[in-house]
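The shown structure was predicted, so the numbers you read here are calculated from the model rather than taken from an experiment.
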Amino acid sequence: MEQNLGKILIIDDNEDILFSAKMLLKKYAQQVLIEKDPRKIPFLLNHDTYDLILLDMNFHEDTTSGNEGFYWLKEILAKDPSAVVIMITAFGDVEMAVRALKEGATDFVLKPWQNEKLIATLSAASKLKTSYKEISTLKKTNSALASQLSQGVNLVTGQSPAMQQLLHLMNRVAKTDADVLLLGENGTGKEVIARSLHQQSARADKVFISVDMGSLTETLFESELFGHKKGAFTDAKEDRVGRFEMANGGTLFLDEIGNLSMAMQAKLLTVLQRREVIRVGTGQPIPINVRLICATNMPLQQMVQQGRFRQDLLYRINTIELNLPALRDRLEDLPLLVDHFLKRYAQKYKQPAKSVSAAALERLKRYDWPGNIRELEHVLERASIISENHVLQPQDFFFLQMQSPAFSENVPQTHNLDEVERATVVKAMGKYDGNISKAAKELGLSRASLYRRLEKYGL
């Protein structure tokens with residue numbers, strides 16, 4: 001283990017302690033700085049940054065109570081809340097150790113220390129500092145993403161009555177700190193709505209953390225959400241910051257919350273009620289301040305009646321309830337969505353932006369969209385890649401008809417010639433996945449003749 005502890009600052013009024021600590025640590029750290037006068041701490045922090053700080057608890061003026069150490073700990077954390085400070089003292093006891101941790105110290109060591117134990121303590125603290133840096137990077141990334149999103153087309157818009165009602169409620173809710181529950185089918189854009197609420201809130205410059213609750217197992221739940229201490233369980237090889245702690249000051253989005261077991265629900269409820277988390281393997285509560293947004297496609301009220309979801313948890317998470325409309329209930333917004341996605345894929349695949357014909361748009365409107373906006377994205381991406389047309393035509397979306405229950409591949413039991421011809425054309429197009437040339441050859445028609453029939457039957 002060489003040079004993985006970063007830059008270390010050691011503050012102790014005992015020069016022998018400073019010298020021995022520096023000699024021990026210099027082969028493990030990039031740089032070790034020592035200082036015996038704690039009054040120089042503000043100057044040191046103003047002119048440099050440190051990955052780890054070892055701070056004595058007792059100086060000349062007060063050799064046993066640790067009050068001086070607690071004072072300087074508070075000063076350090078006031079200047080740098082993410083500072084990793086390890087307290088050192090020759091007069092430590094359990095009560096003093098607990099107080100140091102409660103006041104923000106990362107760890108606590110007694111002197112004279114065992115060299116191996118000190119190195120192990122600093123190594124664990126260094127990994128925690130790395131986690132803090134990752135959180136800071138994540139916050140900056142979220143800020144950059146939010147800026148990019150605000151410059152593009154906002155998908156949280158629309159002229160349909162369903163979207164107008166949703167937008168009205170969102171505008172009233174977004175600037176508050178109220179917890180929000182988003183309900184709607186899969187693919188309706190619940191995370192997009194959650195991010196929009198965050199961007200319009202007073203927490204917009206803070207981090208937005210998203211968690212897929214449906215992917216969490218019983219064993220990973222606490223570690224993922226609340227964090228853990230190194231050694232708390234078999235695979236806990238280092239300290240880990242949980243998602244609640246990462247989102248502190250910002251917004252935490254818990255997707256698929258209806259998939260939680262009753263045991264997980266109880267643990268989540270405890271954290272929400274107390275507004276604090278305890279990392280697995282520790283007894284130290286960490287205050288949290290998050291705006292909670294949850295989402296599900298499951299009928300939570302019905303699940304409460306069936307004993308599958310806690311009523312007290314439902315009360316806690318749905319201060320405000322927003323219902324997202326399915327795409328089939330907001331077809332007036334389809335042109336806006338289509339235009340947005342086609343522009344996105346033109347940029348992604350470095351090709352001229354495509355558009356859709358009026359006939360193609362009518363076909364899209366007649367489809368039921370069981371996968372909602374997510375399915376629309378995939379459909380438009382496929383069409384923009386495969387089609388050679390700059391203006392997408394109905395046949396570029398023919399595969400949708402084969403998926404829709406409104407259409408059948410079988411010839412209907414009828415003697416109406418138009419219906420028989422229409423069904424035959426549908427079957428041929430389906431057989432060749434919308435390939436006009438192959439379907440026309442199968443039907444014994446020219447391409448132009450087949451195009452006329454597709455237009456005639458609105459296909």
Side-chain angles (χ1 to χ4, degrees), residues 139 142-143 145-213 243-244 246-258 260 265 268-269 271-273 275 288-301 303-304 309-327 329-330 332-333 336-337 340 372-374:
K139 289 180 178 179
N142 268 270
S143 178
L145 286 173
S147 177
Q148 290 178 11
L149 286 171
S150 65
Q151 294 173 8
V153 175
N154 187 357
L155 288 180
V156 188
T157 188
Q159 299 303 314
S160 63
M163 279 305 294
Q164 286 294 306
Q165 182 179 2
L166 177 63
L167 290 168
H168 176 70
L169 290 173
M170 286 180 62
N171 288 335
R172 297 186 62 182
V173 171
K175 292 179 173 57
T176 73
D177 246 1
D179 294 336
V180 179
L181 175 63
L182 303 177
L183 300 175
E185 297 178 9
N186 282 334
T188 49
K190 292 187 281 292
E191 183 164 354
V192 174
I193 296 292
R195 288 185 179 276
S196 180
L197 289 170
H198 172 72
Q199 290 163 21
Q200 296 177 58
S201 73
R203 300 171 182 258
D205 61 338
K206 305 297 183 181
V207 70
F208 176 95
I209 299 291
S210 176
V211 186
D212 180 4
M213 305 296 275
R243 298 301 183 93
F244 268 95
M246 285 184 185
N248 202 25
T251 300
L252 181 63
F253 176 54
L254 303 182
D255 199 6
E256 305 295 349
I257 196 168
L260 292 183
Q265 292 175 35
L268 177 60
L269 178 62
V271 168
L272 297 180
Q273 288 175 331
R275 292 288 171 177
I288 49 130
N289 172 20
V290 299
R291 204 268 181 91
L292 186 70
I293 302 178
C294 299
T296 184
N297 66 336
M298 302 177 73
L300 295 188
Q301 292 286 359
M303 291 173 66
V304 168
F309 200 87
R310 294 181 63 114
Q311 189 171 55
D312 45 3
L313 178 57
L314 180 57
Y315 288 153
R316 178 68 62 174
I317 64 177
N318 76 335
T319 304
I320 302 294
E321 192 174 288
L322 298 179
N323 287 275
L324 278 64
L327 181 54
D329 296 327
R330 50 175 297 206
E332 299 95 324
D333 303 324
L336 173 68
L337 297 171
H340 170 73
N372 292 294
I373 296 176
R374 187 180 297 127

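- Here the closest non-hydrogen pair linking Leu166 and Asn323 is CD1-O, 4.0 Å.
- Interatomic distance, His198 NE2 to Phe253 CZ, rounded to the nearest 0.5 Å: 13.0 Å.
- A distance of 9.0 Å separates OG in Ser201 from NZ in Lys175, rounded to the nearest 0.5 Å.
- The structure places CZ of Phe208 at 8.5 Å from CD of Gln199, a figure rounded to the nearest 0.5 Å.
- A donor and an acceptor atom, one from each side chain of Glu185 and Asn297, are nowhere located under 3.5 Å apart.
- Of the possible donor and acceptor atoms, one in the side chain of Gln164 sits under 3.5 Å from a partner among the backbone N and O of Gly158.
- Residues Cys294 and Ile257 share a closest heavy-atom pair of SG-CD1, 3.5 Å.
- Residue Gln273 places its CD atom among more than 12 non-hydrogen atoms of other residues, nucleotides or ligands, all under 6.0 Å distant.
- Rounding to the nearest 0.5 Å places CG of Leu183 at 8.0 Å from CG of Asn318.
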Steps toward salt bridge (Lys or Arg N to Asp or Glu O under 4.0 Å) verdict (Arg275, Asp179): CA-CA 13 Å; Arg275 292 288 171 177; Asp179 294 336; 3.3 Å; yes
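- For the pair Leu324/Ile193, a side-chain contact is recorded, criterion being any heavy-atom separation below 4.5 Å from C-beta on.
- Of all non-hydrogen atoms in Pro325 and Ala162, the two that sit nearest each other are CB-CB, 3.6 Å.
- Annotation: side chain of Leu292 is not in contact with side chain of Val180 (no heavy-atom distance under 4.5 Å).
- Judged by distance alone, with hydrogens and angles left aside, the side-chain atoms of Arg291 form a donor-acceptor pair with the main-chain N or O of Thr176 at under 3.5 Å.
- For Ser160 and Asp333, the side-chain atoms include at least one donor-acceptor pair closer than 3.5 Å.
- Under a 3.5 Å cut-off, the side chain of Arg243 and the backbone N or O of Ser210 do form a donor-acceptor pair.
- Put simply, the side chain of Leu197 reaches to within 4.5 Å of the side chain of Ile293, judged on heavy atoms.
- Considering only heavy atoms from C-beta on, Phe244 comes within 4.5 Å of Val290 through its side chain.
- For Lys190 (side chain) and Gly184 (main-chain N/O), a donor-acceptor pair under 3.5 Å exists by modelled atom type.
- Residue Leu260 comes nearest to Gln265 through the heavy atom pair O-NE2, 2.9 Å, listed as atom of the first residue, atom of the second, then distance.
- Here the side chains of Asn289 and Arg203 are in contact, with some heavy-atom distance below 4.5 Å.
- Contact of the Met298 side chain with the Thr296 side chain is registered, since non-hydrogen atoms from C-beta on lie closer than 4.5 Å.
- With Asn171 contributing its side chain and Leu167 its backbone, the two residues share a donor-acceptor pair below 3.5 Å.
- Side-chain contact between Asn186 and Glu256 is present, with at least one heavy-atom pair separated by less than 4.5 Å.
- A heavy-atom distance below 4.5 Å is not found between the side chains of Leu322 and Leu181.
- A distance of 11.5 Å separates CZ of Arg316 from CZ of Arg310, quoted to the nearest 0.5 Å.
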